[in-house]
Structure formats: C-alpha cells, structure tokens
Amino acid sequence: MSGERVRLEPGWKARIGDYLERPEMRALADFLRAEKRAGKEIYPPGPEIFAAFDHTPFDAVRVVILGQDPYHGPGQAHGLCFSVRPGVPVPPSLDNIFKEITRDLGIPRPDHGCLTPWADRGVLLLNAVLTVERGQAGSHQGKGWEGFTDAAIEALNREREGIVFLLWGSYAQRKGRLIDTQRHHVLTAVHPSPLSAHRGFIGCGHFSAANAWLQRAGMAPIDWSLPPRAALAG
C-alpha cells in the first residue's frame, strides 16, 4: 500500500502518509489483493476506504468518534464509522445514537443514516480497522490497520489541542491510551449496540457535553442535526 497510490487529504498525508510505506502496510495491501483475487467481497469499496480522512481534514477535526470495523452487509459501509448510505436501513447502533441525540439535544431523528454531514463539519468518523469481508465481522482485525489508525490518533494527540474524543465501548476505549487528557477531552460510555446501550449509552449526554467543551475551548459547537435524505446527493 503506497502513499503515492493512496489519495489522502494533504494535512493527513503530511502526518501519516509515510506510514503507508511501512512493511506491515505493504503486507496488508498484499492481503487485500489476494482476498479480492480469491473472489471475496471487501467493504467498503476501494475508493471509500479512506473516506473518513477525505471528509474531515486534519486541521478541521474537532470531535473524534471511534468505531471498530466497517459494517459487513452489502451496501452498508462507505468509509465512515456508524454511517450508512442514504436509503440503507439504519443499523441498530446508529438508531440508538439518534435516540440519544434526540433525548440530549431535542434534534428529531433523521430519515436516513448517512453521517457525511457530520464528517464535513469536523467529526472524524474513524474505524480502527478500515476494511472487512462481506458477512464476516472482524475478519480484517490484526492485519495491520490498527497501527495505521493508531498513528492517525497519535498525530491528532500530538499536533492538535482541544479535540473531544467520544469512546464508546471497551474496544474504542483501549485507544484512549493514546490520548493526552491534559490536551484533549475524552468522554466514555458503553457501546450504543442494543446489547449495551441501555446500560449507560442512552442518557450519556455526550453530544451536549462535546459542544459545551468545544465552546469552553473557544471552538464552534457541532451541528448534530442531519439534512433530510432528499437534500443529500447520491
């Protein structure tokens, strides 16, 4: 996986582009090519693997939401954690995120699950692992992506200040070890999955808390509302 072939937003490329040249990333690229040659379906489609970085430039990041790996159903994953394309049914975890936003901020539930507007407003929607095999949750864990996304978080931690990190569930919280809580604000809760959401995700107040923190730090709050599906392109 070469930094020359992968198109990364310039701010991100300056910080983590070199990581793509490492042997473990070349091995990951070989693995992905072999899987495709074997006829396996990989999500998201190639051009969308780095969509989180494309939509949220390094210098624009105000909030980070960490996911685990992409959705593994057909047509779901498009490179932003928890998000699905307009018209794709809203997965249960995202449904609980919307419920908490409505409870916390009074924002009505949108008629779709596409979170691209959040990404364009400064919310980095980053999965720890950026690819998955169709129907096989977690199938690309341990193949090299984790080091790359660690490098992204370390770059934000080192070169930016005042970012709010929303870490939901134990997997995301383990990445919390990379974050200096003297420079950034970390909010933790159980995962919004139906298995755990009612043990503390619903009621966590993270969306209003993130905005309050940003405002105290002199930054604009996030608009957590989403336009109607009809207003979204594609």
Side-chain angles (χ1 to χ4, degrees), residues 51-52 55-56 60-73 76-129 137 149 153 156 162-176 179 181 184-217 219-229 231-232:
H55 283 281
T56 315
V61 177
R62 285 182 284 156
V63 173
V64 177
I65 297 177
L66 283 177
Q68 191 160 343
D69 59 356
Y71 293 125
H72 54 83
Q76 289 183 304
H78 65 125
L80 305 177
C81 75
F82 292 108
S83 181
V84 290
R85 296 179 178 286
V88 175
V90 173
S93 292
L94 181 55
D95 191 48
N96 284 327
I97 290 170
F98 289 154
K99 285 178 184 173
E100 175 56 16
I101 289 175
T102 299
R103 188 210 64 79
D104 188 19
L105 298 173
I107 293 172
R109 187 186 186 286
D111 62 353
H112 62 88
C114 180
L115 306 183
T116 302
W118 289 2
D120 292 338
R121 295 169 192 160
V123 181
L124 180 66
L125 297 167
L126 183 64
N127 279 312
V129 175
T149 53
I153 293 167
L156 288 171
I163 293 173
V164 182
F165 289 83
L166 306 184
L167 306 183
W168 301 330
S170 58
Y171 190 92
Q173 287 161 25
R174 284 198 291 277
K175 290 248 191 208
I179 302 160
T181 55
H184 304 283
H185 192 55
V186 176
L187 296 170
T188 61
V190 297
H191 196 276
S193 154
L195 299 173
S196 56
H198 292 281
R199 298 203 306 268
F201 181 80
I202 303 297
C204 70
H206 278 187
F207 302 96
S208 60
N211 279 351
W213 172 266
L214 290 170
Q215 288 176 296
R216 282 198 300 273
M219 287 188 276
I222 300 293
D223 176 5
W224 293 105
S225 66
L226 291 167
R229 178 183 165 189
L232 294 172

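Sorted by first and then second residue, the pairs that involve residues 106-115 and meet salt bridge (Lys or Arg N to Asp or Glu O under 4.0 Å), not counting sequence neighbours, are Asp95-Arg109. Residue pairs meeting the salt bridge (Lys or Arg N to Asp or Glu O under 4.0 Å) criterion with at least one partner in residues 114-124, sequence neighbours excluded, are Arg121-Asp223.
The backbone N or O of Ile107 lies less than 3.5 Å from a partner atom in the side chain of Thr102, making a donor-acceptor pair. A donor-acceptor contact shorter than 3.5 Å is absent between the side chain of Gln76 and the backbone of Pro89. Put simply, the side chain of Thr56 gets close to the backbone of Ala119: a donor and an acceptor are under 3.5 Å apart.
Note that SG of Cys81 is 8.0 Å distant from CG of Leu124, once rounded to the nearest 0.5 Å. Considering CG of Leu226 and NE2 of His112, their distance stands at 5.0 Å, rounded to 0.5 Å. In this structure, the separation between CD1 on Ile65 and CG on Leu187 is 10.5 Å, given to the nearest 0.5 Å. With rounding to the nearest 0.5 angstrom, the CG atom of Asn211 is 11.0 Å from the CE atom of Met219. Atom CZ of Arg62 and atom CG of Leu214 lie 6.5 Å apart (nearest 0.5 Å). Rounded to the nearest 0.5 Å, atoms CD1 (Ile101) and NE2 (His206) are 12.5 Å apart.
The aromatic rings of Phe165 and His184 stand perpendicular to each other, their planes meeting at an angle above 60°, with 30° marking the opposite boundary. In this pair, Phe98 and Trp118 present their aromatic rings perpendicular. The plane angle is above 60°, beyond the 30 to 60° band.
Residues Phe82 and Gly67 share a closest heavy-atom pair of CE1-CA, 4.3 Å. Between Ala77 and Tyr71, the shortest heavy-atom contact is CB-O, 3.5 Å. Closest non-hydrogen pair, Trp213 versus Gly162, comes out as NE1-O, 3.5 Å.
In this structure, the side chains of Pro227 and Leu232 come closer than 4.5 Å at one or more pairs of heavy atoms. For the pair Pro194/Ser93, a side-chain contact is recorded, criterion being any heavy-atom separation below 4.5 Å from C-beta on. The side-chain heavy atoms of Leu115 and Leu94, taken from C-beta on, include a pair separated by under 4.5 Å. A heavy-atom distance below 4.5 Å is not found between the side chains of His78 and Val88. Side-chain contact between Ile222 and Phe207: absent, with no pair of heavy atoms (C-beta onward) separated by less than 4.5 Å. Residues Val129 and Tyr171 meet the side-chain proximity criterion, which asks for heavy atoms closer than 4.5 Å.
The side-chain hydrogen bond (donor to acceptor under 3.5 Å, both in side chains) test applied to Glu100 returns Arg103, not counting sequence neighbours. Residues passing the side-chain hydrogen bond (donor to acceptor under 3.5 Å, both in side chains) test with Thr149 are Lys175, sequence neighbours excluded. Under the side-chain hydrogen bond (donor to acceptor under 3.5 Å, both in side chains) criterion, Ser208 pairs with Asp104, sequence neighbours left out. For Asn96, there are no side-chain hydrogen bond (donor to acceptor under 3.5 Å, both in side chains) partners two or more places apart in sequence or in a different chain.
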